[in-house]
Amino acid sequence: MKIDIKTREYTTVSEVSGPLMIVEGVEGVAYNEIVEIETPSGDSRRGQVLEVRGDLAVVQVFEGTSDLNTSTTKVRFTGGTAKLGVAPDMLGRVFNGTGQPIDGGPEIIPDKELDISGNPMNPSAREFPAEFIETGISTIDGMNTLVRGQKLPIFTGSGLPHNELAAQIARQAKVIGEETEFAVVFAAMGITHEEANYFMKDFERTGALERVTVFMNLADDPAIERIITPKMALTTAEYFAFELNMHVLVILTDLTNYCEALREISAARDEVPGRRGYPGYMYTDLATMYERAGRIIGKEGSITQMPILVMPQDDITHPIPDLTGYITEGQIVLSRDLNRKGIYPPVDVLPSLSRLMSGGIGEGQTREDHSGVSDQLYSAYAEGRDLRDLMAVVGEEALTERDRKFLNFADEFEKRFITQTGDEDRSIEETLNLGWELLSILPEVELKRVRAEHIPKYHPAYK
């Protein structure tokens with residue numbers, strides 16, 4: 001992150017509270033302006049102006065406010081906003097939350113410097129997301145298809161294997177049938193050292209690191225640093241997509257830690273809290289981040305986002321998943337019940353949804369029967385799940401032969417379609433063929449959601 005240092009230096013710090021510092025007697029200071037801070041011991045830290053009131057400036061300190069005092073701390077206002085030096089060499093590199101290399105490699109020689117806040121994408125210049133991204137995971141590719149330029153979050157719970165799923169998607173995601181370069185930008189916020197080691201070892205073991213750029217903010221790093229980590233990642237993604245014409249998948253984990261950092265800053269500023277103590281502007285803040293995904297008319301590249309957020313107490317109505325659902329185009333929901341059964345990935349397809357799926361599937365994209373197979377699998381699995389609840393009340397003897405077939409379908413769907421190994425990369429053809437195999441469990445007369453002409457073409461009974 002580049003900082004242009006000018007001569008406006010102050011020693012008029014009047015208060016240090018949590019991650020914030022108040023400087024008095026300032027002139028010409030602007031919102032979001034970058035600040036360089038010299039501690040009493042001579043160390044250098046960075047901060048950003050959060051608020052200006054008359055001659056008072058409220059500064060958030062990225063590296064934390066420990067050891068700062070109100071008498072000898074020096075503050076320089078640089079006159080510029082936070083910028084990130086970007087270059088093609090960032091692929092395959094690992095950076096901390098503020099954009100500094102931490103992989104032992106050389107400093108990045110920037111091709112250009114970009115404001116980390118980004119520029120809002122003109123709605124009239126947006127191109128509708130309509131191209132299929134293959135993740136190799138059947139519950140996503142077959143039932144909740146990811147398309148280029150989409151924002152598709154993963155809602156999970158504490159202890160569920162979302163890290164394994166994120167790493168698998170980062171390894172396997174690809175654009176099929178095109179020569180366009182594909183890259184992954186991976187941003188981790190507030191994760192443990194154990195989680196960080198897992199991701200790095202996985203990327204290195206599989207060779208995926210060559211096409212991944214990693215930004216890593218650890219749990220023992222300053223919480224305030226989490227506010228800029230996703231901005232660094234998205235700025236890098238915008239450079240890859242719109243300057244280098246690459247298709248970029250951005251994985252952000254964990255958005256809950258990001259929102260907790262927002263709440264910490266809000267509390268330090270004595271702001272009136274909103275729902276469950278989170279700031280009232282959290283919706284706007286999340287929207288400015290999510291809306292940096294998309295495609296631009298006339299540009300080859302694209303940015304697709306898969307944010308991951310852990311729902312506190314598995315509550316999907318919690319403000320973080322609730323507000324995220326309003327902004328994004330669907331959600332992938334992980335199930336604790338499926339995880340207890342030993343099913344990986346424990347994706348519950350019933351509450352999951354991809355609102356842009358229809359634009360990325362069908363003939364010329366995936367396969368002509370994709371929509372019908374997906375709808376039929378969803379319908380049959382939902383009925384099978386309902387019959388499980390009914391059987392618990394009335395007993396298996398009260399069920400008809402038809403009911404037993406749907407119960408069997410639900411069991412086989414979980415065992416064969418949802419369940420995959422952590423290294424299994426299924427093609428969309430394999431996923432759809434597996435779907436037809438499972439549908440063959442049901443009487444043909446029950447296949448009401450697939451087109452009649454597709455049954456003799458794809459149904460195993462006709463082969």
Side-chain angles (χ1 to χ4, degrees), residues 94-95 97 133-141 144-146 150-174 182-219 226 229-230 232-234 236-237 247-259 289-290 293 303-311 320-321 324 328 330-336 338-339 343-348 352 354 418 420-426:
V94 184
F95 304 89
I133 292 178
E134 187 175 270
T135 66
I137 298 167
S138 292
T139 46
I140 297 176
D141 294 347
N144 302 282
T145 310
L146 178 67
Q150 185 176 8
K151 308 175 286 289
L152 188 63
I154 296 174
F155 291 175
T156 181
S158 179
L160 295 182
H162 45 271
N163 289 333
E164 291 86 341
L165 182 60
Q168 188 172 359
I169 292 171
R171 289 195 312 269
Q172 297 179 178
K174 64 185 85 63
F182 191 85
V184 176
V185 176
F186 187 92
M189 293 157 281
I191 67 172
T192 64
H193 285 271
E194 182 181 359
E195 290 172 314
N197 289 335
Y198 168 79
F199 283 122
M200 296 315 303
K201 287 179 180 176
D202 187 84
F203 291 155
E204 291 167 1
R205 173 182 64 85
T206 59
L209 189 58
E210 293 179 6
R211 62 166 190 163
V212 178
T213 300
V214 179
F215 289 86
M216 197 78 73
N217 169 265
L218 300 176
R226 278 162 219 157
T229 301
M232 293 280 174
L234 289 164
T236 305
H247 293 296
V248 186
L249 174 63
V250 180
I251 298 176
L252 306 172
T253 183
D254 170 6
L255 261 296
T256 300
N257 292 334
Y258 172 85
C259 292
M289 185 163 53
Y290 293 145
I303 298 175
T304 306
Q305 276 190 31
M306 290 197 83
I308 298 172
L309 55 94
V310 174
M311 300 178 291
I320 303 172
T324 293
T328 55
Q331 67 277 333
I332 304 294
V333 181
L334 301 193
S335 162
R336 199 168 293 280
L338 291 175
N339 188 59
I343 292 173
Y344 172 86
V347 175
D348 190 347
S352 298
S354 172
I418 297 179
Q420 296 184 227
T421 64
D423 292 322
E424 188 176 358
D425 187 358
R426 290 181 189 162

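Throughout, numbering of the chain's residues begins at 1 and tracks the sequence.
When atom types are taken as modelled, the side chain of D141 and the backbone of G136 share a donor-acceptor pair closer than 3.5 angstrom. The main-chain N or O of T135 is found under 3.5 Å from a side-chain atom of Q172 such that the two form a donor-acceptor pair. Side-chain atoms of R426 never come within 3.5 Å of backbone atoms of Q420 as a donor-acceptor pair (strictly under, hydrogens ignored).
Put simply, CZ on R211 and CZ on F182 are 6.0 Å apart, with the number rounded to the nearest 0.5 Å. If you take CD on E195 and NE2 on H162, they are separated by 6.0 Å, rounding to the nearest 0.5 Å. Note that CD1 of I154 and OG1 of T253 are 8.5 Å apart. Values are rounded to the nearest 0.5 Å. If you take CD1 on I418 and CG on D348, they are separated by 7.0 Å, rounding to the nearest 0.5 Å.
When all heavy atoms of I140 and I332 are compared, the pair lying nearest together is CG1-CD1, 4.3 Å. Residue G190 comes nearest to N257 through the heavy atom pair O-ND2, 3.3 Å, listed as atom of the first residue, atom of the second, then distance. Of all heavy-atom pairs spanning P321 and M311, the tightest one is CG-CG, 3.9 Å. The two residues M189 and L255 make their nearest non-hydrogen contact at CE-CD2, 4.0 Å. Residue N339 comes nearest to G159 through the heavy atom pair ND2-O, 4.5 Å, listed as atom of the first residue, atom of the second, then distance. The two residues I251 and A166 make their nearest non-hydrogen contact at CD1-O, 3.7 Å.
Taking the side chain as every heavy atom from C-beta outward, T304 and H247 never approach each other to under 4.5 Å. By the 4.5 Å heavy-atom criterion applied to side chains, M306 and P153 are not counted as neighbours. Taking 4.5 Å as the limit, some side-chain heavy atom of I137 sits within range of a side-chain heavy atom of L165. Counting heavy atoms from C-beta on, the side chains of Y258 and T229 never come closer than 4.5 Å. Put simply, the side chain of L334 does not reach to within 4.5 Å of the side chain of P345, judged on heavy atoms. Contact check for M200 versus N197: no side-chain heavy atoms found under the 4.5 Å cut-off. With a 4.5 Å cut-off on side-chain heavy atoms, V212 and V185 do not count as touching. Residues T156 and L309 fail the side-chain proximity criterion, which asks for heavy atoms closer than 4.5 Å.
Looking at L146, L152, I169 one by one, the single match for side-chain contact (heavy atoms from CB on, under 4.5 Å) with I133 turns out to be L146. Screening T324, V310, I320 for a side-chain contact (heavy atoms from CB on, under 4.5 Å) with F155, the sole residue that qualifies is T324.
Aromatic rings of F199 and F186 (six-membered ring for Trp) have centroids within the 6.0 Å cut-off, being under it.
Within 6.0 Å of atom CD in E204, more than 12 heavy atoms from other residues, nucleotides or ligands are found, so the atom counts as buried in its surroundings.
Between S354 and Q150, the side chains place a donor N or O and an acceptor N or O closer than 3.5 Å (distance only, hydrogens not considered). Q168 and Y344 share a donor-acceptor pair across their side chains, judged by distance under 3.5 Å alone.
Looking at R226 and D254, no side-chain N of the basic residue comes within less than 4.0 Å of a carboxylate O on the acidic one, giving no salt bridge. Salt bridge D425/R171: absent, no basic N to carboxylate O contact under 4.0 Å.
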Is there a side chain to side chain contact (heavy atoms under 4.5 Å, CB included) between F95 and M232? Walk through the geometry before answering.
CA-CA 10 Å; F95 304 89; M232 293 280 174; over 6 Å; no

Is there a side chain to side chain contact (heavy atoms under 4.5 Å, CB included) between L209 and V214 once you walk through the steps?
CA-CA 9 Å; L209 189 58; V214 179; 4.3 Å; yes

Derivation of the side chain to side chain contact (heavy atoms under 4.5 Å, CB included) call for F203 and E210:
CA-CA 8 Å; F203 291 155; E210 293 179 6; over 6 Å; no

